[in-house]
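One structure is given here, and the rest of the page talks about it.
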Amino acid sequence: MKLLLNLLKTPMFVIGTTIFFGTVLVALFAPMMYHVDIIARVGMPYMPPGKEHLLGTNHLGVDMMSLLIKGLGSSLYVGFLAGMIATVTGTLLGIYGGFKGGWQDDFITLITNLFLVIPTFVVLILISSSLKEGRSLALIAGIIGATAWTWSARAVRAQSASIKSRDHIALARVNGEGTLKIVVKQILPYLFSYVFMVFIMQTASGILSEACISMIGLGPYDTVSLGTILNEAMRNEALGDGAWWAFIPPMILITIIVFALNFINTSMEGVFNPRLRK
Amino acid sequence: MKHLSLLKFMVIGALSCGIISCQQKKPGTVTEEGFPREKTLYLAGFQWGDPNTFNPLSDWPAFPVGGKYNLMYEPLVVFNSITGKIEGLLADSPERTDSTISVKMNPMARWSDGKPLTSADVKFTFEIGKRFKGAPTAYVWDFISDITVDTVVDSSASGEMKLEKIVFFINKKERNNPLVVMDILQNIRIVPRHSIEALLAEAGGELAELQKLKFDKDPVVSGPYNLLRYSNEKIVLKRRDDYWGCMALYNNRLPQPVYIIHPIYKSNDHFSIALQQGNLDISATFIPRIWLKAKEGVATWYKKEPFFIPATIPMLQINTTRYPLSDRNVRRAMAYAINYKDIRELAVSGYSPPILSGLILPFGVEADYCNAEDIQKYGVSYDPEKARAIMKEAGYTSVFDADGKLNHVKNAKGEKVPTMSVKSPAGWSDWESMVQIAVKGMRAAGIDVREGFVDASLYWSCMPVGDFDLLMQKPVPEVTPSKPWSRFDAVMSSRNWKPEGEKMNENQGRYNNPSSKDYNPEVDNLLKRIPTLTDNEEKIKAYRQLNIIFMQDMPALPLAYLPEQFYEFSTRNWINFPTEENSYAPPQCLCYGAGTKALWEIKSVAAE
Amino acid sequence: MPIFEVDNLHLHYLTRFGAKIPAVAGVTFSMEKGEVLGIAGESGCGKSTLVNGCMGLFIPPLWPTSGNVRVDGESIMGRSPKDVRKNILGRKVAMIPQGAFNSLNPTRKIKDQAADMIVSHESNVDKKALYERLRQRFDLIGMETEKVLGAYPIQLTAGTRQRCVIGISTLLDPKMVIADEPTSALDVTTQKAVIRMIFDLLDKQIFSTMIFITHELPLLRHVANRIAVMYAGEFVELGTTDQVIFDPRHPYTKALMGAMLSAEPGQRQRKPVAIEGAPPNLAYPISGCRFAERCPQVRPECRVNKQEIRIVADRQVRCDYAE
Amino acid sequence: MPSETTIFSAKNLTCVFGHGKKSTKAIDDLTFSIADQEIVSLVGGSGCGKSVLAKIMLNLIKPTSGEFLYKGKPIIDQRFHWREVQPVFQDPFSCFNFFFTIRDQLKASFGIMKTKPSKKEMEERVDQALLAVNIVPSEIQGKYAFELSGGQMQRMLLARIFILRPAVLIADEPTSMVDACVRASILDYLMKLKKELSMTIVFITHDIGLAYYVSDRIFIMHRGKIVEQGTPDDVALKPKNEHTMKLLDDIPDIHKNWISR
C-alpha cells in the first residue's frame, strides 16, 4: 500500500500510467464513439486529414482514424498477450529454478542461456515466415512470447535466488510452512513488483516486436495492427507521396505507448528497488 | 536490455525515414565515375537479379540481350503500338500472302566488325532452332515450315538496287498461324553467323557448350550500343558511333546518350525515389500516384488519367478443375462481386480506364473487335446483389458471423465449401491491392475467398502446373500484332490441355477440358481459325463469338487495363521523351521495340 | 589554525508535507591537523546526517539550517551537490562508507572504479600515468596490487573490499577523512585489519586528520584522540579519549559505558546495563533535556530547561547537573 | 553417552558443500554434546562453520555424514523438531517479510504448534510475548518490518521465542547488527528466556567477549573444527589454542593494548 502511495507520488509513474491507460481507453471505447470501419472505402487514396476524415485515408481510401483505433487495439492486445505469455512462463521457470536449486536449476539456466544467445528476432522472422497462412494476432503474440520468456526467466531466477537466502524463508520453514505456502507468501510478494515490471517491459517489447515483424511484412493476416499500417504505408509509397498521415500517427502511437511503459517501469524501479530508494 | 535495442531500432527507423524524405526534396544531378551526366541515360526496370550472361543464344540472357530490346541485337522489324503498324529495321515491313510472309533485307545493315548483315545471318539465326531443340528459336518451326531467299531488284528514284528477299513459309501442317509468324519477325533478334559459327565449331558443335559462353567481351552486335561493363549493381552500355542505322535510318545522326546505364534495384519504391531524385531517367515499374511526382519532374505518356496507354489485362486466372470454381455460377458471381471502380481508383492509381467485360481491349487496334451490344448482353459489372443472387440460385448458402464477417459457405448438399485463396506474389504492391479489393468484394458477397500472398519464386513455380485456386496474372503482356488473339489463346486454348500437376504454357486455369462432357470444341476451332482470317468482317464475327463464350464461362476475371509496360521518365536531365502530344515514338522504354528511336530525339538538359 | 571547523551547525530534513525535522542541533567542534575525533552514539542519533553536513553535501530532503563548516579556513557550505562532488569530496573531505558492497559497482573492476575517482576530479589525465599512479598507491597502502586492481568486487573478501574502498576514497590525498562506521559490518578479525590499515595510512601521511564514527566505545579508545558522544542530534559530551572512556560525566555517556562488555577477569559478574527506552522522536519539539526520558538521574527541571554545553572537569558536557 | 538430558550430540559430524574440486568442508568431523539447560557459545571468525552448525541443529541443512542426535534420537519428524528447537537470526530485517504486518507474522509462528490455540488465546499470547520484551502491543499494531528500528525488530524475534517457548534456542549472532546499548538489552532478554523457560541456548557469535558474558561453555571454531572448548574463564582468560588467542586479541578492549601505532 505504502509502495503504491509512493508510486502515485512519482510524477513519472503518474504520467506514464495516464498516457498508457489513455491509449487503452481509446482502444476500448473509441469504437463506441467513432464509427470504426476498416473495410469500407470512404474516399480517394491518401486523402489528407480534413473535416470528414480526421486523419485522412490510406492508399485504399480507408479512413485512417478507423485503422488507427483498430490497429491500436490489436497492438495492445498482442503486447499484452505476448507480455503475459513471456512473463508467466519466465516467472514460473525462474521461481522454480531459483527456489529449487540443484540440477533442475542448472538445467533451466542452461536452456535459458541457450535461448538467450539465439537471435530471437531472427527466430521470430523464421517462424512467422514459415507460417504461410492463418497468422492470427494471438499466434503472433504466442510466437513473440515464446521467444521473449528467457530474459524474464533469468531476471526472476536471480531475484528468487537472492530472496531464498533471506532469513524469513528459514523462519517460515521452522514455522512449519510448506514449500508452496513459502513460495506464495514469502517469495511471490517480493517478486510481485519485479514480475510486474518485467511484465510491463515484456508488453512494451511485445508491441515493438509485433511492429517490427509487421514492418517487414510478416505481421498478422486479416486484421490491422500499428505495424501493418506502417508496412502498408511503406509499401505504398506514403513517404514519397508526402502522405505523412499514413505513417506518422501509428509511429507516434507506438512511441507513446512504449515510452509510457518505459516511464512506468523506470518509476517503479525507483520505488521498488531499495538501493535506488535510498 | 532488449527493449532498449528495440527502441533504438525504432529511432533508427524513424531517422532513416526522415533522411529518405529529405533526400527526395533535394534536387541535383549525381554523376557516376567517368560517365558525364549530360551524356548518360539511366534506365531501369528490366534487370532485377544479377546479370549472368549476355549470350543471345542462352535461355535467360541479361538486359539488353534477352527480351525485346533493340540496343545490341536487332530484329527484322518492330511493331509500333501507337500506329499499329509494323516498321522496318534490319528489313523493311513485311508482305503477306496466304501462305508466306516476306521481308526485304536492308542492304546497309552491318555488324560491329564491319561485315554486312545479310540473309545468311537471318537464316542462320532461325535454323539454329531447327538444329537444336534447346535454342531460343526452336519454337518458330511450329509456325514456319521453310525460309527461302530470293534476290529482287528495287527500282526506286536513286537507281536500281539488288535486294535480298527473305520468304517465311507459314507452317500450314502444324499451326497455320500467320499472326504468330508476324510476331516472330519482331521477336527474334538476329545473331552474327560468322562469329557464332566459329564459336559453335570451337564448342564442338554443341549448343549447350556454346550457351556457357558469356559474350560479355566486346561481342559482335548490330545495334546502336554495345556492352561496356557490368556488375551486380549496374549494366553499362556505350554508344557505337559506327552504327549502320545512323546513316541508313537516321540521316547520319547519332543517338544522344553516349552511355546507357541500367542500375539494378531490388524494390519498387527505389525506382520511384531514384526518378524523383533525378538519378534515374526512365523506369518501367509501377509507381503509384504519378501526378504527385510531377513537381519532381516525373511524367509519363498522358498528363492526366489514365496516364498510360492501356494494352494488357491483369486478371485472376481461375483453376476451373477445382471445386467450387468448376461451377460456372461461382465464377460469374465472383465477377459480379468485384468492385472494379475501387481497383481502378485505388489499386492502380487510376491508370486504367473503366473496364468492360470480356478479353478484348476497347481501345486502339483491338477496338474493332469489341462489341458493346454483346458486353451489354453477356458481360458482368460490379453488382454485389446480383452476385449474391447467383450464389443463392446455384444453391450456395453463405454463413456470416455476428459481426458481419463471412464464416463459411455451404453448398446445396449442406457440405462446407472449401475456402479458396488467391495466389499473388508478395510485395507487388499494385497486384496486392487489386487482390485485396477483389477478395474484399467477394467475401462481402458471401464467397469464401482469401488472400494468399506468396514468395515470387513459389508463384512462378505454381503457375504452369495449375497449383492454385485463383492466380493473379497478366497473360501476354507485350503489344504484338497478334493481339487480342494471343490473349484469348493464353486464357482459353485447350490445344495442349493437361491435368493439374503437369506443365501448361497457356490456359493454366485448365479451362475447357477436352475429355469432359462439357467440352466446347468451338473455342479451339475459333482460336485455330482466327489467325488465318484475312477478311475483317469475318474476324470481327469470330472474335465476338469467342468473347461471348468467355463472358458466359468466365474462366478468368479481368480486373483492369494496364499498359504494356509502365513508362515513366524524369525531365531533370533529359527532355523530349515521347508523350501524347509529342508521339513520335510509342510509350516504351527507350531500349524496347519501336521505342528505341526516341534515343535519337531526346535532348540533354545541360546541352540546351 | 584548525584544519577543520564546525561552527554551531544545525541541519534539518524537510518532509514532503513541509515539516522541518531538526536532525543535528548546535554541533560545534574544531580539529587540528593530525587529530582523530571519535563520534559515538546509537543508531538514529544523527551521526550520518552530521557526516553529510561535514562534507557540505546537501541532497534533498536534507537542508542546512544554520552554522558553518570550514576546511582549512574555507567554508564549504552553500554549494550545489555537483560542485561538492567535484571539488570537495575526495580532495578536501573524503568519506569511508559503512558497507563496501553498496559503494562499489559490482560490474566494474576495482581499477576502473579507482580510475573514475581520479578522472572525475582531474582533467587531461594520461591513462598510462593514471594506472601507474594507482599501482603505486595500492603498493604503498600494502595491498596485493596486481590481484586487487584487476578483480571485480565480488571476487574479494569483505575485508579486502573495505580496504579497497578506503584506498580509493583517499586517492586524492584529502585533508580530512570521515569514516562512518567503517567496521561495523565486519567480524572482529577483519575489523582489526581494517583499523590497522587506517593507522597505516595515517602513519604514511596519506591523510592525517580523521573523524571516526562508531557505536563501539572500546574501539574509539584505541582509535581516537578525542571523543564526542552524540545523542538525539546533539553532542552531549566532548573530551579526550581518557576523559570520556574512563571518567564519563554525562549520564548518557555513563550509561553507554555501563552497557559495554569485555572479556576480562571479574567482568563476567558485572552484567551489562541496558538503557531502557528509545531516543526521542525529533519530529516533535522537545523543550527540556533530550535524554530526560531515559536518564537514571533525571530531575523535574530537566524536562523543562534546555541543556547547554558547559565545561565540567576540562571537557564539554551538555548537562546542568553533571559534576 | 547421549541421554535424555543431552540436548544435542554429534559424532564425526561432517557437512560438505558443492562437489568435486569445488567442494568445501563446512563442518569437519565434529564430535560434541550439549547438555540440557546449558548455554553454549560457538565462537569463530566468518567462514568457520558456526552458522552451518546452527542450521544443522535447526534441521535446515542435512549433514553429509556422521551422527547428529537430538535428545538421543535422530531427527525424523521435522515438525516435532521445530516445536522443540527455534532460532533467532542475525539480521532482523531479513527475518520479516515486508508484505505482512509484524503481528501477523508473529501469529504465523503458531503454525508449528501441535494444536493451534483459539484466536483469542493467540492474540493474548502475542501480547504477553510483546510485553515480555518490553514492547507495548499497541506500538506495533498494524506496523510493517521496515517501520521499526533494528533493536525493536530483534526484540520481535525474541518475542517469537516467548510465544513458542521451545526447549532449545539457536541464537545466530543475535546482536551483531545492533548497537551497543541494544546489545545489552538483547542479552538481558536472552537471560530472561533462559531463566523463565529453562531453555538450552546455543549462542553463536564472533565476539569472544560477548560469549564470555553469556555462556556456560564456549566452543572455539576454526575451519569447521572445534579447536578449543571449556568454561568461559578457561577459554577467555587462559586460552591454549592460537586461534582462541587471536580471537581474544582482536577484540578492542578498553584496558588492554590493542593495536600499536
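Here is the naming used below: chain letters follow the sequence lines, and residue numbers restart at 1 for every chain. The basis for the numbers below is simple: all heavy atoms, side chains too, and nothing from hydrogens, waters or symmetry mates.
Interface residue D:Phe100: only side-chain heavy atoms are found under 4.5 Å from chain A. Heavy atoms of D:Arg160 lying under 4.5 Å from chain A belong exclusively to its side chain. Interface residue A:Tyr190: backbone and side-chain heavy atoms are both found under 4.5 Å from chain D.
Annotation: D:Arg125, atom CZ; neighbour count of heavy atoms from other residues, nucleotides and ligands within 6.0 Å is above 12. Remark: D:Phe93 CZ is packed, more than 12 non-hydrogen atoms of other residues, nucleotides or ligands lying under 6.0 Å away. Other residues, nucleotides and ligands place more than 12 heavy atoms under 6.0 Å from the NZ atom of A:Lys185. Around the NZ atom of D:Lys116, the shell of radius 6.0 Å holds no more than 12 heavy atoms that belong to other residues, nucleotides or ligands.
Identified by a heavy-atom distance below 4.5 Å to chain D, the contributing residues of residues 159-178 of chain A are A:Arg166, A:Asp167, A:His168, A:Ala170, A:Leu171, A:Arg173, A:Val174, A:Asn175, A:Gly176, A:Glu177, in residue-number order. Residues of residues 70-98 of chain A never come closer than 4.5 Å to chain D when only heavy atoms are counted.
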